[in-house]
Amino acid sequence: QVRLVESGGGLVQAGGSLRLSCAASGSTFRINGMDWYRQAPGKQRELVATITSGGSTNYADSVQGRFAISRDNAKNTVALQMIGLKPEDTAVYFCHALATPLPLVGRGFEYDYWGQGTQVTVSS
């Protein structure tokens, strides 16, 4: 089992910055891709940013140039640096990871894990 714990959410004024962090625990798993999703009230959960174990990143168009995802493979952590925050960035942000049990590495098995979410509120 992999447990993801997020931190760093809060209330910020428009134009401000926040840094979200997520720590993955589960020593018997290899953590593969890690992502950040967000879900605003009344809306579907959407993918914000992704990072592979090799460090390749991808971003939603709405956050391109303002958000930066990074990870520390040795510590199994992923972070999301957010600058130039807008009221429309207000949402619960979720950490997500794909992980493979170590005995199954290389055999095509991968499982989804989610954090509990952290609230980001941007006031206008």
Side-chain angles (χ1 to χ4, degrees):
Q1 190 76 354
V2 174
R3 183 168 179 244
L4 301 175
V5 179
E6 301 112 333
S7 60
L11 173 64
V12 65
Q13 289 188 331
S17 302
L18 279 175
R19 182 178 176 87
L20 305 182
S21 297
C22 173
S25 61
S27 60
T28 60
F29 283 76
R30 185 182 75 178
I31 306 297
N32 303 320
M34 300 187 81
D35 322 290
W36 287 96
Y37 284 74
R38 67 185 181 187
Q39 187 166 18
K43 294 188 176 181
Q44 288 189 330
R45 190 171 295 189
E46 63 172 350
L47 179 61
V48 175
T50 69
I51 186 165
T52 67
S53 57
S56 296
T57 59
N58 202 8
Y59 298 92
D61 289 344
S62 59
V63 306
Q64 183 76 44
R66 299 187 298 121
F67 290 10
I69 188 171
S70 60
R71 68 187 285 174
D72 184 331
N73 289 334
K75 297 180 180 179
N76 279 339
T77 58
V78 63
L80 186 68
Q81 179 68 48
M82 305 182 292
I83 64 172
L85 283 161
K86 305 175 181 179
E88 51 263 44
D89 294 318
T90 295
V92 178
Y93 284 70
F94 296 91
C95 177
H96 169 259
L98 293 169
T100 302
L102 291 177
L104 299 180
V105 168
R107 296 174 59 184
F109 290 90
E110 211 169 43
Y111 299 95
D112 285 271
Y113 295 93
W114 293 89
Q116 80 286 356
T118 184
Q119 177 70 46
V120 171
T121 303
V122 184
S123 62
S124 56

Give every residue pair that meets the disulfide bond (SG atoms under 2.5 Å apart) criterion with at least one member in residues 23-73, sequence neighbours excluded. none
Leu47 and Val92: same hydrophobic cluster, using ILVMFWY side-chain contacts below 4.5 Å? yes
Can you name the side chain to side chain donor-acceptor pair (under 3.5 Å) partners of Thr90, sequence neighbours left out? none
Closest heavy-atom contact between Gly115 and Phe94? O-CD2, 3.7 Å
Listed partners of Gln116 passing side chain to side chain donor-acceptor pair (under 3.5 Å), at least two apart: Glu6
Contact list for residues 15-40, test salt bridge (charged side-chain N to carboxylate O under 4.0 Å, His left out), sequence neighbours left out: Arg38-Glu46, Arg38-Asp89
To the closest 0.5 Å, what do you measure between CD (Gln64) and OG1 (Thr57)? 8.0 Å
Is Met82 close to Trp36 at the side-chain level, that is, under 4.5 Å between some pair of heavy atoms? no
When you group the ILVMFWY residues by side-chain heavy-atom contacts below 4.5 Å and let the links chain together, are Trp114 and Val48 in the same group? no
Taking the side chain as every heavy atom from C-beta outward, state whether Phe29 and Tyr113 have any pair of such atoms under 4.5 Å apart. yes
Enter the distance from Gln13:CD to Ser124:OG here, rounded to the nearest 0.5 Å. 9.5 Å
Could you tell me which non-hydrogen atom of Tyr111 sits nearest to which non-hydrogen atom of Pro101, and how far apart they are? CE1-CD, 3.6 Å
Linking I/L/V/M/F/W/Y whenever any side-chain heavy atoms sit under 4.5 Å apart, do Leu20 and Ile83 land together? no
Atom pair OH (Tyr93) and CG (Leu18), whose distance is rounded to the nearest 0.5 Å: 9.0 Å
Contact summary for Ser17 and Gln81, nearest pair of heavy atoms: CB-NE2, 4.2 Å
Once side chain to side chain donor-acceptor pair (under 3.5 Å) is applied, do any residues pair with Thr121, and if so which ones, sequence neighbours excluded? Gln119
When the ring planes of Tyr37 and His96 are compared, do they come out parallel, tilted or perpendicular, using 30° and 60° as the limits? perpendicular
Roughly how far apart are Leu98 CG and Met34 CE, rounded to 0.5 Å? 9.5 Å
Run Phe67 and Leu85 through side-chain contact (heavy atoms from CB on, under 4.5 Å) and show every step you take. CA-CA 9 Å; Phe67 290 10; Leu85 283 161; 3.8 Å; yes
Which heavy-atom pair separates Ile31 from Ala24 by the least distance, and what is that distance? CD1-CB, 4.2 Å
If we only count heavy atoms from C-beta on, is the Val78 to Cys95 side-chain gap below 4.5 Å? yes
The criterion is side chain to side chain donor-acceptor pair (under 3.5 Å); which residues satisfy it with Asp61, sequence neighbours excluded? none
Which atom pair, heavy atoms only, marks the closest approach of Ala14 to Pro87? CB-CD, 4.1 Å
Asn32 and Ser53, any side-chain heavy atoms less than 4.5 Å apart: no
